[in-house]
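In what follows, a structure is listed as structure tokens, so that the remarks can point back to it.
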Amino acid sequence: MFAVHLLAFYFTKLKEDQIKKVDRFLYHMRLSDEILLDIMARFQAEMEKGLGKDTNPTASVKMLPTFVRAIPDGSENGEFLSLDLGGSKFRVLKVQVSQEGKRNVQMESQFYPMPNEISRGNGVELFDYVADCLSDFMKHKELKHKKLPLGFTFSFPCRQTKLEEGVLLSWTKKFKARGVQDTDVVSRLTNAIKKHKDLDVDILALVNDTVGTMMTCAYDDPYCEVGVIIGTGTNACYMEDMSHIDLVEGDEGRMCINTEWGAFGDDGSLEDIRTEFDRELDLGSLNPGKQLFEKMISGLYLGELVRLILLKMAKAGLLFGGEKSSALHTKGKIETQHVAAMEKYKEGLANTREILTDLGLEPSEADCIAVQHVCTIVSFRSANLCAAALAAILTRLRENKKLARLRTTVGMDGTVYKIHPQYPKRLHKVVRRLVPNCDVRFLLSESGSTKGAAMVTAVASRVQAQRKQIDKVLALFQLTREQLAGVQDRMRAELEYGLKKKTHALATVKMLPTYVCGMPDGTEKGKFLALDLGGTNFRVLLVKIRSGRRSVRMYNKIFAIPLEIMQGTGEELFDHIVQCIADFLDYMGLKGAQLPLGFTFSFPCRQMSIDKGTLIGWTKGFKATDCEGEDVVDMLREAIKRRNEFDLDIVAVVNDTVGTMMTCGYEDPNCEIGLIAGSGIQQCVIACGYINDMPSYGRLQKQARADFPALTSLVYPSSPRYEKMTSGMYLGEIVRQILIDLTKRGLLFRGQISERLRTRGIFETKFLSQIESDRLALLQVRRILQQLGLDSTCEDSIIVKEVCGAVSRRAAQLCGAGLAAIVEKRREDQGLEHLKLTVGVDGTLYKLHPHFSRVLQETVKELAPKCDVAFMLSEDGSGKGAALITAVAKRLQQAHKEF
Ligand code: 0WK
Ligand code: 0WK
Ligand code: BGC
């Protein structure tokens, strides 16, 4: 028993000594947590550099966009071909995804050799060889009669501009085929496949093996958003926020980034940790100066590193009594599988002796212990370096999500990770030590990256199919210049219709005279009350006009018009209006004041005079009974009488477009058109010379001719259809209808229509303005959709934003086409070659929607090139305009009395 203890002590001592000896010799390779945290920080900086448009060209870690934007959502299905090129084995596969709706994947695969003369020959032969293997596979699987989509796993750094294209930046690992670098490997393969007349394959996706691995694991674990390969080569990918990827258009959602971390340090940023052995290995490699990080980590190099160290230690007499065999001098004689074998728990030492013996050496027990420890240090450094870079990626994910604690899954693959007995444990341990605020699950990809590549292809073909359907729907809202010019012409014809006696009755655009026959001349003065009914808010205003200096001071109060009043009886509506006036007069201490009032009533009214207007029909959700066909001024007067608390002199009833035109005209005499783009859409224009053929307006004719021979304004309430395609009242509802249609077709929200989305009017137009705002990140779009009970993905939100954009753009274009018809008419009516005028604008849609006003202005510019149209936003609303019109009417009345 004593002998056993003595032996054990002797052995432990021997072991300690050898370990110390090797630790001293390789102290450079032992990386403390402090150094690892520093490497982690360096890698974080490299990631930023790679993502930046200006810094990417000089970055060593290229952060390549992969155009993979979504992980599998279970709706993928179909039959796919997959090629897996670049790892230790070349494979061709057939992948069946989800049969009969069952979420499973069937794979059939065939390995094919990849001889050096092919991988290091010329590019044409390489791709011809790959196509031959594909053809052979399809023959054996009797697939030649099928047109199949193919996912191409190509495990080398490629710059992609889309999923199905990728330019090879440089070969790595054992590959060096000539004439391929800087060419698109998808078209190279397509050309090679085309040589096989009996093959009909559509390459839908080019995928890096890290991406394939992430997708493979994400199919089983939706938390998986990182893919790591530690195999022949090494690399990682992860899902990055689009807003951080300068190299790709758009800020919405996420995209998978292939980091190509193998090149970390190629700019010299890791020289302080690289050892002489790393430099020697690099010099002897196929690509000196390249992939320096990979050469300290991956399977193609670990064995060689161990050999170079053993050779140096032997030369230094620290091993094998200084003996060196020719095998020990031969590059590549020690492979990573040897390193893994030597580090096996139990049989490690025996394996070491066997391997060293096979190398023609006669190792002592001490040598074996020392060599085993050399392997441990080399592979431990590999795991540490991987852990540092992976920790940097996990930290970035946590920060992108603004989380204190990140829960995520990392998909793993590669022979080093799979066959080395200690590697996974070491890597996991160090990662968790470097990023304690991340709960990381490591998931080994059982079926390689090709299942993932098939997923990417399945997603690509699903997205492609969906895209086609969505584009078909959105195309309905895309108006060509010809179509817009057609709308302009039809509007123009309607304008003429509305003006002409014979056609007025049939006209949809009513061209209603407003009896506003004069513009302010600066002499107006006094206090005026104004009501502003018909827009989003009902306002009561006191407007003080001071003559001479054209200054107007306004005090106003906004009152709500409850739905039950909007859709109650006319009497209730006007009593409510008078109640608001009373509250306002109270609030302003004007009880009992006898003030002239201008009534902005933003609904189509046929007027017989400035203070008479018969409501033709309600719009914008108003439905109060007993009003249509009634004079709204009389109804207001009766309501005031009913209240019998104060008396007002209602001088004018004006449409909000006219009020807006007047408000802007007070500042800019060029303003002769008023436009409202709000809950309703309406335009008014200063009209001249049309009156004479409008029979019922004889009285106006005489009067107008008397004062302002050429001026009166006409309101043309846009036909409800036109309004229902253009105004704020309806745009949200149109979007809701489209979303329901797309969801019913399974193109959105996984086909789940929420109760709230079924509710008419639930999708307010303000949502469009919010969703289309460039500043709004996708997350906020998803928050809006959440409010509607819709659980959406990034893609869903991107599509919803597109739908909103299509609907609002059409609205702005149609509005622009209508306005272009008017300005062109103004120009022609004045017989001018070129017309300069201003349009006064108001309305929440024009004011708040991020793009509406710009698209409207561009459309007018395009359709009325001979008109120089300035758009003036009415800051004060039409209430001011109504007061000015009242003041002018009072002035004219005065003039008449004197006259
Ligand atoms: C298996 C994957 C393949 C990848 C390989 C990497 O299917 O795409 O390239 O792992 O590991 P290696 O074979 O280089 O060790
Ligand atoms: C503000 C004007 C008001 C008009 C409204 C239209 O003062 O007369 O009706 O704009 O915009 P909406 O509120 O319908 O968006
Ligand atoms: C390549 C990567 C690949 C990795 C793992 C590296 O040499 O540059 O694209 O993902 O090996 O196979």
Side-chain angles (χ1 to χ4, degrees), residues 62 64 82-91 93 109 153-158 168-175 207-213 216 227-237 258-263 287 290-291 293-295 297-300 336-337 412-419 445-453 530-539 541 556 558 600-603 620 654-660 663 674-682 727-729 765-766 841-849 874-882:
K62 285 298 180 199
L64 301 167
S82 194
L83 289 175
D84 188 355
L85 179 67
S88 52
K89 300 192 182 66
F90 168 44
R91 275 197 303 174
L93 303 91
S109 72
T153 302
F154 183 76
S155 310
F156 301 95
C158 287
L168 176 65
L169 295 177
S170 60
W171 283 118
T172 64
K173 293 173 280 190
K174 298 177 184 170
F175 280 70
V207 179
N208 184 265
D209 55 353
T210 54
V211 180
T213 299
T216 297
V228 173
I229 296 280
I230 309 170
T232 317
T234 184
N235 187 16
C237 72
N258 166 14
T259 67
E260 284 296 336
W261 72 12
N287 52 353
K290 297 278 183 223
Q291 301 291 103
F293 191 61
E294 175 166 84
K295 286 168 181 166
I297 291 174
S298 75
L300 187 58
T336 298
Q337 52 167 328
M412 299 296 303
D413 206 338
T415 35
V416 173
Y417 184 83
K418 279 199 283 196
I419 66 154
S445 154
E446 294 306 341
S447 45
S449 64
T450 37
K451 174 177 163 187
L531 302 179
D532 186 352
L533 177 72
T536 314
N537 307 310
F538 169 51
R539 293 190 305 159
L541 307 92
N556 74 84
I558 292 179
T600 301
F601 184 76
S602 309
F603 303 92
K620 295 178 285 186
V654 301
N655 184 270
D656 54 357
T657 54
V658 182
T660 298
T663 299
L675 165 69
I676 292 291
S679 27
I681 284 274
Q682 188 127 299
S727 82
M729 192 86 190
T765 297
K766 72 174 184 199
V841 193
D842 206 334
T844 39
L845 189 56
Y846 188 93
K847 280 182 177 168
L848 302 182
H849 188 281
S874 156
E875 299 305 341
D876 305 313
S878 64
K880 173 180 170 182

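Counting convention: from 1, in listed order, for ligands and their atoms alike. Just so it is clear, the model here is predicted, and its values are computed rather than measured.
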> Within a radius of less than 6.0 Å around NZ of Lys847, do more than 12 heavy atoms belonging to other residues, nucleotides or ligands occur?
Replying inline: yes
May I have the N/O to N/O pairs between ligand 1 and the protein that fall below 3.5 Å, each with atom names and distance to one decimal?
from, atom 1, to, atom 2, distance (Å)
ligand 1, 7 (O), Asp84, OD2, 2.6
ligand 1, 7 (O), Ser449, N, 2.8
ligand 1, 7 (O), Ser449, OG, 3.3
ligand 1, 8 (O), Asp84, OD1, 2.7
ligand 1, 8 (O), Asp84, OD2, 3.1
ligand 1, 8 (O), Ser449, OG, 2.5
ligand 1, 9 (O), Asp209, OD2, 2.7
ligand 1, 13 (O), Ser88, N, 2.9
ligand 1, 13 (O), Ser88, OG, 2.6
ligand 1, 14 (O), Ser88, N, 3.3
ligand 1, 14 (O), Thr232, N, 2.9
ligand 1, 14 (O), Thr232, OG1, 2.5
ligand 1, 15 (O), Thr232, N, 3.2
ligand 1, 15 (O), Thr415, N, 2.9
ligand 1, 15 (O), Thr415, OG1, 2.5

>> To the nearest 0.5 Å, what is the distance between OG1 on Thr210 and CG on Leu64?
In response: 9.5 Å
> Measuring from the heavy atoms of Arg539, does anything fall under 4.0 Å of ligand 2?
Replying inline: yes
>> Only heavy atoms of Ile676, strictly under 4.0 Å: list the atoms of ligand 2 that pass.
In response: 6 (C)
> Which of the numbered atoms in ligand 2 are below 4.0 angstrom from a heavy atom of Thr844?
Replying inline: 11 (O), 12 (P), 15 (O)
> Are side-chain heavy atoms of Phe538 and Leu531 found at a separation under 4.5 Å?
Replying inline: yes
> Got a second to check how far Ser447's OG is from Asp84's CG, nearest 0.5 Å?
Replying inline: 10.5 Å
>> If you define the side chain from C-beta out and look only at heavy atoms, does anything of Thr213 sit under 4.5 Å from Val228?
In response: no
>> What does the 4.0 Å heavy-atom contact list look like for ligand 3?
In response: Ser155, Phe156, Pro157, Thr172, Lys173, Asn208, Asp209, Thr210, Ile229, Gly233, Thr234, Asn235, Glu260, Gln291, Glu294
>> What I'd like to find out is whether the side chain of Asp413 reaches to under 4.5 Å of the side chain of Lys418, using heavy atoms alone.
In response: yes
> Any idea which atoms of ligand 2 are less than 4.0 Å away from a heavy-atom of Asp842?
Replying inline: 1 (C), 2 (C), 7 (O), 10 (O)
>> Contact between Thr172 and Asn235 at the side-chain level, heavy atoms closer than 4.5 Å - yes or no?
In response: no
> Relative to the heavy atoms of Gly678, which atoms of ligand 2 are at a distance of less than 4.0 Å?
Replying inline: 11 (O), 12 (P), 14 (O), 15 (O)
> Heavy-atom count around Lys174 NZ within 6.0 Å, excluding the residue itself: above 12?
Replying inline: no
> side-chain hydrogen bond (donor to acceptor under 3.5 Å, both in side chains) between Asp656 and Ser878: does it pass, once the steps are laid out?
Replying inline: CA-CA 5 Å; Asp656 54 357; Ser878 64; 5.8 Å; no
>> The test is side-chain hydrogen bond (donor to acceptor under 3.5 Å, both in side chains); show your working for Ser449 and Asp209 and say whether it passes.
In response: CA-CA 5 Å; Ser449 64; Asp209 55 353; 5.9 Å; no
> Is a donor on one side and an acceptor on the other found under 3.5 Å between the side chain of Thr216 and the backbone of Gly448?
Replying inline: yes
> Hey, which atoms in ligand 2 end up nearer than 4.0 Å to a heavy atom of Gly877?
Replying inline: 7 (O)
> Roughly how far, to the nearest 0.5 Å, is NZ of Lys295 from OG1 of Thr234?
Replying inline: 14.0 Å
